[in-house]
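Take a look at the structure below.
One is the number of the first residue; the rest follow in order along the sequence. These values consider heavy atoms only, across backbone and side chains, with no hydrogens, waters or symmetry-generated copies.
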Amino acid sequence: MSERRTILVTGATGIVGREVALRLARRGARVRALTRRPESARLPSDIEVVRGSQADLAGLDGADAVFLMWPRLGELTAAKEAVARIAAHAGHVVFLSSAAVRDGVSRYDDVIGQAHHDLERLIRDSGVRWTFLRPAAFATNLLGWAEQTRTGEVVRGAFGDVPVTLLDERDLADVAVAALLDEGHANVVHELTGPELLTPAEQVARIGRRIAKPLRWEELPEPQWRERQRAEGYTDADLDSLRSAYAAMRERPAPVLGTVERVTGHPARTFAEWLDRHAAEFTDPLPAVGREDAGVVLLSTWTLDTPERQRAAADAAAEAWSGMPWPDGLLSYSLLLGTDGRTILHYSQWTGEDAAARFRESDPPARVRGIDDAVPGIERSGVTSYRGYRSVVPDPGMRAGCVVLVSFATDSGRTARYFVDTLLDEYHPARRPQAGSAPGMASNHFHVAVDGTSVVNYAEFRDEAAHQSVVDSRLRADDPVPAFIAATPGLTPLGFRRYLPYRQLTPPKD
C-alpha cells in the first residue's frame, strides 16, 4: 500500500467487521467504523467510530473504499440506494456475499442465494470497482449451540451427517483486508472455505473434547426442524430447497479451496485454532468454586458508567486474554456482570500464590493498555488475594443464575474464620434446619483474604428473586444473623452486590 487509504467498514462491531477494522488499522489504513451504537464499539482509539448503519450510511466523504455487509437480505430497494451512495463516493467496494451464489446463475430456489446474487448485480451495475467474497459456512454459526453446551451434554440439530468446511472469521478478515489494500483484487470473486470437512456431529465431538465435556449430537426430527426454521422466517418452499441442498452436499461434499492461503500467504486456520479462541463461549460461565486444586483466588471489580460500556469492557478483557499465552498456574478466569449495569467482577483461580505472583510480574503492559484504549474510563478497585475457607452447598443440582458477593472487613484472619465458623455452624439453614429454609439458594463459598483484612461469601442463587427473598425473610434488623454480625468484634459489614454469570476462560486442552 503506497498511500494511506481511508476505508469505511460497515457492521464494524460485529464478529467479522471488527476483525476487518482491526486488521486494516494494523496495516496503516485510516479506518472509519460504522455502528449503530458507538458507545459500545470497543475499538482502539486510532479507529474513527461513526454512528450509522448500512441503511443509514455515514462516513462516506473522502472514503477510498468500503467493506460492505448487508444483513437485511429482503430489502433490495434500500440496498440499491446504499450502493448508489457508495458508488458516488468510493472507488472500490468489497462485499461480503455468500457461497450460495454461482456464476452464470440468476434464479435461485433459496432466499440466501437469490438475495446475495441480487446484491452482487446491484454492485456490478453501479460502475464501482468491486470484490466479492463468497464464504462457505462460518465457524461462528456454531455459537448458536452455546446455550445447549452450557446447560447440557446434547446438541440438537438437523443434517448432522453433512460435511462442511468452517471458515474462521480471522481468515475472512485477512482476505477482505488484502482486497481493500492490495493490488489485483478489483472485479474479482474470492470463494472461501476452511481447511477441512467436518460434519456437525464431528464438530460437536471436538467442542466436547476441547471443553472437557461429553457432548454428543442428536438429530432433530424433520417436523421439529421445520418448526424451528419457520420461527426464523423461512417458508416451506425455502425449507424444501434447503433440504435438497443438504442432500446434495451429503452426496457431493463441497471442495476444500486454497483461496485463503493464495490471497493471504498463510493457510486457513483449523477448527482447533478457532475453538481455542471461542471455547469459553461454549462453557458454563460459572467457576467451580470449591475445586481442591485452587490454592488462591484473586478477586477484583471494575466500574463503568453504562451497561453498554460494562459489557464492552468485559468483552475487551476476555478478548485480551484470548490473544496471550495461558499463564502457568491459572486454573480458570471468570467474568460476571453486576446487575447494577456498571460493575464487573473478576474471579480467577490459581494453583497458589507463587503462580499468581509470577503472572503479576510477567503480565504484558500492552494487554492492559489495549483494554483501556478500547474502553476508556475503567475504574479498577485493585486485586485482593483470597483462600477458600469453608463451603456449604444446600442444593448441588441447582443451576445458579445469580451470584451474590457479600463482603466484610476484618481486623484479622482469626476474626474472619471465627465469623464464618459461627455463622455456618449456628445460623446457616443447611446446618441448622430449625433456623428456617432458604429456597433458591444453591451454595455459599466463604473466602478469607490472605492478609486477613476481609472475608467474602460467594453465594450462588437460582436467580435475583431468590436472593431477594432471603434478604426480605432472613436479614431484617431484628433477625439473629444481623444481630450476630453487629456483635462480632473486628467485623465490619460492607454490603453485597449481585452479579450475572457472563464468561469463563479455561486453559487450552492438549
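For the atom pair CG (Leu345) and CZ (Arg497), the distance works out to 9.5 Å, reported to the nearest 0.5 Å. The CG atom of Asp340 sits 6.5 Å away from the CD atom of Gln310 when rounded to the nearest 0.5 Å. In this structure, OG in Ser40 is found 10.0 Å from CZ in Arg309, a value given to the nearest 0.5 Å. Distance check, rounded to the nearest 0.5 Å: CZ of Arg399 to CG of Asp284 gives 4.5 Å. Distance check: Arg30 CZ to Glu48 CD gives 9.5 Å after rounding to the nearest 0.5 Å. Put simply, CG on Leu143 and OG1 on Thr149 are 9.0 Å apart, with the number rounded to the nearest 0.5 Å.
Salt-bridge formation is not detected for the pair Arg170/Glu19: no Lys NZ or Arg NE/NH1/NH2 atom is positioned less than 4.0 Å from an Asp or Glu carboxylate oxygen. With salt bridges taken as basic N to acidic carboxylate O contacts below 4.0 Å, one links Glu319 and Arg42. Look at Glu227 and Arg230 and you find no salt bridge, because none of the NZ, NE, NH1 or NH2 atoms lies under 4.0 Å from a carboxylate O. Taking the charged nitrogens against the carboxylate oxygens, Asp372 and Arg380 do have a contact shorter than 4.0 Å, which makes a salt bridge. Under the 4.0 Å criterion applied to side-chain N and carboxylate O atoms, Asp315 and Arg18 are not assigned as salt-bridge partners. Salt bridge annotation for Arg269-Asp276: absent, with no cationic side-chain nitrogen under 4.0 angstrom from a carboxylate oxygen.
Between Trp302 and His346, the ring planes lie tilted relative to each other; the angle falls in the 30° to 60° range. Ring geometry, Trp326 versus Trp321: the interplanar angle falls from 30° to 60°, so the pair is classed tilted. Between Phe446 and Phe419, the ring-plane angle classifies as perpendicular under the 30° and 60° cut-offs.
Annotation: side chain of Val154 is not in contact with side chain of Gln148 (no heavy-atom distance under 4.5 Å). When side chains are defined from C-beta on, Arg311 counts as touching Tyr502, because their heavy atoms get closer than 4.5 Å. Side-chain atoms of Leu299 and Tyr347, non-hydrogen and from C-beta on, do get closer than 4.5 Å to each other. Under the 4.5 Å side-chain criterion, counting only non-hydrogen atoms from C-beta, Leu96 is in contact with Phe67. Between His447 and Val289 there is a side-chain heavy-atom pair separated by less than 4.5 Å. Between Thr13 and Arg37 the shortest side-chain heavy-atom distance does not fall below 4.5 Å. Under the 4.5 Å side-chain criterion, counting only non-hydrogen atoms from C-beta, Trp70 is not in contact with Thr10. Here the side chains of Pro364 and Met324 are in contact, with some heavy-atom distance below 4.5 Å.
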- request: Would you please test Gln504 and Leu286 for side-chain contact (heavy atoms from CB on, under 4.5 Å) and show each step?
  value: CA-CA 7 Å; Gln504 180 184 190; Leu286 287 169; 5.7 Å; no
- request: Start with the C-alpha gap between Glu169 and Trp274, add the side-chain angles, then the distance that decides, and say whether side chain to side chain donor-acceptor pair (under 3.5 Å) holds.
  value: CA-CA 9 Å; Glu169 65 273 9; Trp274 181 85; 3.0 Å; yes
- request: Start with the C-alpha gap between Ile211 and Thr506, add the side-chain angles, then the distance that decides, and say whether side-chain contact (heavy atoms from CB on, under 4.5 Å) holds.
  value: CA-CA 8 Å; Ile211 66 174; Thr506 54; 5.9 Å; no
message: Before you tell me yes or no, could you show the steps for Arg358 and Glu361 under salt bridge (charged side-chain N to carboxylate O under 4.0 Å, His left out), namely the whole-Å CA-CA distance, both residues' side-chain angles and the distance that decides it to 0.1 Å?
response: CA-CA 5 Å; Arg358 285 194 301 271; Glu361 294 171 359; over 6 Å; no
- request: Could you walk me through whether Val471 and Phe496 pass side-chain contact (heavy atoms from CB on, under 4.5 Å), step by step?
  value: CA-CA 11 Å; Val471 171; Phe496 66 82; 4.2 Å; yes
message: salt bridge (charged side-chain N to carboxylate O under 4.0 Å, His left out), that's the test. Do Asp56 and Arg51 meet it? Break it down for me.
response: CA-CA 9 Å; Asp56 183 22; Arg51 187 182 299 276; over 6 Å; no
side-chain contact (heavy atoms from CB on, under 4.5 Å) between His266 and Val260, worked out: CA-CA 7 Å; His266 67 74; Val260 170; 4.0 Å; yes
- request: Given salt bridge (charged side-chain N to carboxylate O under 4.0 Å, His left out), test Arg390 with Asp425 step by step and report yes or no.
  value: CA-CA 11 Å; Arg390 289 184 64 181; Asp425 295 338; 3.0 Å; yes
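In Arg367, the CZ atom is crowded: over 12 heavy atoms of neighbouring residues, nucleotides or ligands sit closer than 6.0 Å. Atom CZ of Arg291 sits in a crowded spot, with more than 12 heavy atoms from other residues, nucleotides or ligands closer than 6.0 Å. Within a 6.0 Å radius of OH in Tyr234, other residues, nucleotides and ligands contribute 12 heavy atoms or fewer. Within a 6.0 Å radius of OH in Tyr418, no more than 12 heavy atoms belonging to other residues, nucleotides or ligands are found. When the shell of 6.0 Å around CG of Asp421 is examined, it contains more than 12 heavy atoms from other residues, nucleotides or ligands.
Closest non-hydrogen pair, Met69 versus Gly11, comes out as CE-O, 3.5 Å. Taking each heavy atom of Met398 and Ala442 in turn, the nearest pair found is SD-CB, 3.7 Å. Annotation for Ser334 and Pro285: closest pair OG-O, 3.6 Å, computed over non-hydrogen atoms. The two residues Ala136 and Thr165 have their closest heavy-atom pair at CB-OG1, 3.7 Å. Shortest non-hydrogen contact noted between Thr199 and Gly160 is CB-O, 3.3 Å. For Leu330 against Pro507, the heavy-atom pair with the smallest separation is O-CG, 3.7 Å.
Side chain of Arg209 to backbone of Leu215: no donor-acceptor contact under 3.5 angstrom is found. Side chain of Gln349 to main chain of Ala288: a donor-acceptor pair is present (N/O by atom type, distance under 3.5 Å, no hydrogens or angles). Side-chain atoms of Arg342 come within 3.5 Å of backbone N or O of Leu304 as a donor-acceptor pair. The main-chain N or O of Pro44 is never found under 3.5 Å from a side-chain atom of Asp373 such that the two would form a donor-acceptor pair. A distance-only check finds no donor-acceptor pair linking the side chain of Glu196 to the backbone of Thr270 [under 3.5 Å]. Put simply, the side chain of Asp479 never gets that close to the backbone of Val481: no donor and acceptor are under 3.5 Å apart.
A donor and an acceptor atom, one from each side chain of Thr410 and Thr415, are nowhere located under 3.5 Å apart. In the model, Ser443 has no side-chain atom that pairs as donor or acceptor with a side-chain atom of Tyr458 under 3.5 Å. When only modelled atom types and interatomic distance are considered, Glu202 and Trp217 share no side-chain donor-acceptor pair under 3.5 Å.
Among the candidates Asn141, Leu172, Val175, Leu133, the single residue satisfying the side-chain contact (heavy atoms from CB on, under 4.5 Å) test with Leu167 is Leu172.
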